[in-house]
Amino acid sequence: MKPRRTLLTTVAALAASAGLVFASAPAGGASPGSASLQAPERVAAPPEVPDEYPMAHLRQLQSAADANGGTRAHGRPGYRASVDYVAGKLNAAGFQVTVQPFTHNGAAGWNVIADWPHGDPNQIVFLGAHLDSVTAGPGINDNASGSGAILETALTAARVGLRPTKRLRFGWWGAEELGLIGSRYYANRLPSAERSRIKSYVNFDMVGARNTTTWGVYNDNASMRSMFEAYFRSKGIGTRPINIAGRSDHASFAAIGVPVSGIASGSDPCYHQRCDNLSNVGANVEGRSTNAAIHAAWTLAGEGGGTKPFHDASITRVR
Ligand code: DPN
Ligand code: ZN
């Protein structure tokens with residue numbers, strides 16, 4: 001035990017002197033610290049991606065609305081175009097992708113589920129976001145912002161060849177705006193053995209509102225709440241606890257006994273309106289939320305190291 005502590009302390013000191021920030025403790029289960037004792041050369045902070053990476057997804061989802069009558073709502077072709085965009089990116093990056101169909105109000109809807117096929121399948125860390133908009137507009141803050149943040153998180157795991165301790169799963173939900181329809185459909189059909197494998201669910205709904213100065217952190221789970229608070233504090237950003245209760249998809253997972261959390265940006269002047277377009281979002285806000293999602297995924301799943309060089313040309317520490 002003693003020499004290991006010394007080793008960890010040394011690694012921590014080296015990382016600190018290199019300006020790296022250590023991830024805080026995960027919500028439960030094996031600590032990433034124990035993995036890093038075996039492989040200290042892999043100890044590193046989660047990567048940070050440039051704001052432009054998630055913004056590229058928001059632009060594509062804006063285009064999906066523009067090409068389809070200005071909306072990505074359930075039952076409209078702009079929703080299917082959104083599904084095809086997200087699933088296409090995930091398939092190309094090597095995810096196990098399932099497009100799960102359901103019917104609501106007589107119209108077809110779909111959830112997109114993607115597993116990064118590494119890490120313990122009995123311990124699942126789930127990040128989710130609703131992919132539909134209201135009919136009034138393109139839904140770029142609500143919720144291309146969350147959809148793009150977790151899509152970029154998934155693509156970053158693939159880009160660095162992440163080998164986490166736990167299994168990372170991502171979900172894009174349909175028909176949230178009509179009452180959490182897609183996420184409830186998914187959660188309620190999970191066999192009970194599979195439910196207990198999901199160790200945490202983290203929700204991203206409205207995370208890009210321009211002019212955001214402090215972030216809301218869901219008050220549901222204490223340890224995930226401190227993880228997010230510590231992350232934002234390390235960037236000099238304030239947080240406030242928020243209670244979204246039954247108003248977004250984390251509620252579908254809380255209802256089946258999964259520990260849940262999430263983040264949200266500040267006030268949205270175009271909430272559920274036609275003007276919830278690209279200019280309703282701040283690239284710096286979207287980028288910060290995306291990097292918070294990456295931080296959460298790496299921390300909760302147990303980093304385990306990447307198999308590709310961390311500082312490759314496509315990943316930069318921009319802050
Ligand atoms: N985005 C809201 C909706 O889907 O209608 C719910 C919500 C409100 C989420 C406030 C986060 C913060
Ligand atoms: Zn929403």
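The structure presented is a predicted model; accordingly, all values stated were derived computationally and were not measured. Counting begins at 1 with the first residue of the sequence. Both counts, for ligands and for their atoms, begin at 1 and track the order of listing. In what follows, every heavy atom counts, from backbone to side chain, and hydrogens, waters and symmetry copies are set aside.
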Distance criterion under 2.8 Å: protein N/O/S atoms around the Zn ion (ligand 2): 4

task: Show the numbers, then the answer: is there a salt bridge (Lys or Arg N to Asp or Glu O under 4.0 Å) between Glu52 and Arg59?
output: CA-CA 10 Å; Glu52 278 313 302; Arg59 275 193 288 277; 2.9 Å; yes

message: Testing the 3.5 Å rule here: is there a donor-acceptor pair between the side chains of Ser82 and Asp84?
response: no

- request: Decide whether Asp115 and Gln96 meet the rule of one side-chain donor and one side-chain acceptor closer than 3.5 Å.
  value: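 Short answer, no.
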
field: Tyr201 and His250 aromatic centres sub-6.0 Å
entry: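 Here the rings of His250 and Tyr201 have centres that are no less than 6.0 Å from each other.
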
task: Check Ala296 against Met227 and note the closest heavy-atom contact, atom names and distance.
output: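 Smallest heavy-atom distance, with atoms named: CB-CE, 3.6 Å.
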
- prompt: Can you tell me how far the OG atom of Ser289 sits from the CD1 atom of Ile294, to the nearest 0.5 Å?
  reply: 11.0 Å

message: Does Phe126 form a ring-ring contact (aromatic ring centres under 6.0 Å, His included) with Tyr186? I'd like the steps, not just the answer.
response: CA-CA 13 Å; Phe126 213 135; Tyr186 174 85; 5.7 Å; yes

message: For Phe102, run the ring pair (Phe, Tyr, Trp, His ring centres under 6.0 Å) check against Tyr185, Trp173, Trp110 and tell me which one passes.
response: Tyr185

Residue contacts for ligand 1, heavy atom to ligand atom, distance under 4.0 Å: His130, Asp142, Glu176, Glu177, Asp205, Met206, Ile244, Arg247, Tyr271, His272

query: Under the criterion side-chain contact (heavy atoms from CB on, under 4.5 Å), which of Leu131, Leu90, Leu151, Val112 is the partner of Tyr85?
result: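 With Tyr85 as partner, side-chain contact (heavy atoms from CB on, under 4.5 Å) holds for just one option, Leu151.
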
